[in-house]
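Below is one structure, written out as structure tokens, with a few remarks after it.
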Amino acid sequence: HTEPGVGGGPGGTCRTRRLHVSFREVGWHRWVIAPRGFLANFCQGACTLPEALPGPGGPPALNHAVLRALMHAAAPTAGAGPPCCVPARLSPISVLFFDNSDNVVLRHYEDMVVDECGCR
Amino acid sequence: ARAPAPSDPASALLQALGLHEAPQGVPTLRPVPPVMWRLFRRRDPQEARAGYPLRPCHVEELGVAGNIVRHIPDSGVLSRPLEPARTSGPCPKWTVAFDLSGVEPAERPTRARLELRLEAANEDTRGWELSVALWAEAEHPGPELLRVPVPPGLPLRADLLGAAVAANASVPRTLRLALALHGGAATACPRLAEASLLLVTLDPRLCPPPRSRR
């Protein structure tokens with residue numbers, strides 16, 4: 001499930017958008033004990049100036065991203081295009097499930113939830 | 001691991017989670033052991049935000065490195081004949097077997113804790129000791145690997161890492177142990193009601209070594 005209204009184009013500045021992953025949707029609800037799903041989120045939005053510059057409290061902008069946004073502003077039709085809106089900070093999740101031998105397994109996965117997005 | 005791109009999204013997600021396949025059919029639903037619930041809640045990021053930061057690839061509650069914890073019930077308990085209550089002579093020996101075929105060769109064990117629930121008619125397990133040996137294929141137990149006292153009224157726990165389970169090596173597909181009780185003042189031998197193995201492993205493919213500080 002994504003954030004309502006996102007639809008087609010990127011819309012607005014580069015930021016985190018809600019994305020809920022439901023294990024029931026992929027048919028895993030019988031063997032996944034917990035959680036039922038989790039908020040994975042995703043990044044979307046414009047990375048042109050001034051969005052490519054750091055917002056209040058956001059992740060520090062990479063000089064390269066600012067340079068690229070400047071080049072794109074100066075020559076939008078030529079060159080490499082604007083920087084990309086990508087995850088800048090991620091956090092883990094743990095999944096509790098039954099495996100094929102009916103053992104109860106707890107697996108820990110790093111970098112599964114997007115906490116912050118940034119232009120890179 | 002660079003595997004060929006799976007065709008459907010569910011397979012892609014499975015592969016991303018380091019699982020070869022979704023368990024087939026409906027698992028035999030059984031109560032989730034309290035220790036597993038506790039470990040799951042302990043890893044819940046919401047709790048982490050409440051003030052005790054989580055170290056990646058570390059099982060805080062058990063104090064060891066690891067990113068996979070398995071609670072493996074004894075696969076022999078159903079086939080073990082119920083022992084008659086014995087009032088004299090040595091107590092019966094038990095064999096327990098744990099199916100570790102789901103553990104990948106790349107995974108390294110960092111904790112292997114045997115847990116037994118013994119039932120003694122009069123809870124008097126003073127002086128009892130449990131010996132653990134590998135059950136060799138030749139139907140004879142191997143040399144005694146360790147011996148632990150039987151605590152009264154509590155589940156008996158024995159750490160097998162470095163004894164029955166080699167550290168820094170792949171685990172066997174099946175771990176079969178010979179258990180025996182020694183000593184004790186009780187007149188009736190306790191009965192083995194439940195046996196399980198709590199296995200913590202570290203998968204180096206999902207847990208890169210910590211980067212040295214720049």
Side-chain angles (χ1 to χ4, degrees), chain A residues 1-2 6 16-43 57-60 62-64 86-117, chain B residues 8-14 16-33 35-46 48-49 54 56-59 66-73 75 98-103 196-203 206-208:
Chain A
H1 306 282
T2 56
V6 167
T16 306
R17 315 297 174 135
R18 278 175 62 88
L19 170 67
H20 181 263
V21 174
S22 156
F23 289 133
R24 175 175 289 276
E25 293 295 324
V26 291
W28 292 355
H29 51 292
R30 284 198 185 72
W31 57 275
V32 174
I33 302 167
R36 290 281 169 234
F38 68 100
L39 261 182
N41 300 327
F42 67 99
C43 298
L62 283 183
N63 293 338
H64 182 268
V86 293
R89 192 163 62 81
L90 294 139
S91 56
I93 72 164
S94 292
V95 180
L96 194 64
F97 59 90
F98 288 108
D99 69 5
N100 260 334
S101 309
D102 285 345
N103 301 322
V104 175
V105 182
L106 173 67
R107 273 192 91 136
H108 177 75
Y109 297 99
E110 289 295 329
D111 302 337
M112 288 290 278
V113 176
V114 173
D115 288 334
E116 268 177 25
C117 298
Chain B
D8 63 298
S11 303
L13 187 56
L14 263 179
L17 296 177
L19 300 170
H20 288 295
E21 56 183 1
Q24 304 310 311
V26 178
T28 313
L29 291 183
R30 62 183 179 90
V32 176
V35 64
M36 296 303 281
W37 273 123
R38 221 177 28 250
L39 291 174
F40 172 74
R41 287 205 180 82
R42 184 74 179 80
R43 295 290 316 170
D44 183 337
Q46 300 307 316
R49 285 197 183 87
L54 298 173
C57 300
H58 196 77
V59 183
N67 62 326
I68 307 169
V69 183
R70 292 181 174 88
H71 181 280
I72 305 162
S75 49
F98 301 107
D99 175 3
L100 306 182
S101 57
V103 182
S196 64
L197 180 70
L198 191 70
L199 179 68
V200 180
T201 58
L202 183 73
D203 187 334
L206 297 175
C207 288

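In what follows, chains carry the letters A, B, and so on, assigned in the order in which the sequence lines appear, proteins first and then strands, with residues in each chain numbered from 1. Quick note: numbers below take in every heavy atom, side chains included, and nothing from hydrogens, waters or symmetry partners.
A side-chain donor-acceptor contact under 3.5 Å links B:D99 and A:S101.
Checking side-chain atoms of B:R70 against main-chain N and O of B:G102 turns up a donor-acceptor pair under 3.5 Å.
Using bins of under 30°, 30° to 60° and over 60° for the plane-to-plane angle, the ring pair B:F40/B:W37 lands in the perpendicular bin.
For chain A, no part of B:S196 is nearby; none of its heavy atoms comes within less than 4.5 Å.
The shortest distance between side-chain heavy atoms of A:P92 and A:M112 does not fall below 4.5 Å.
Between chain A and the options B:N67, B:L39, B:L199, the largest number of non-hydrogen pairs under 4.5 Å is found for B:N67. Considering only heavy-atom pairs separated by less than 4.5 Å from chain B, the leading option among A:V105, A:D111, A:V104 is A:V104.
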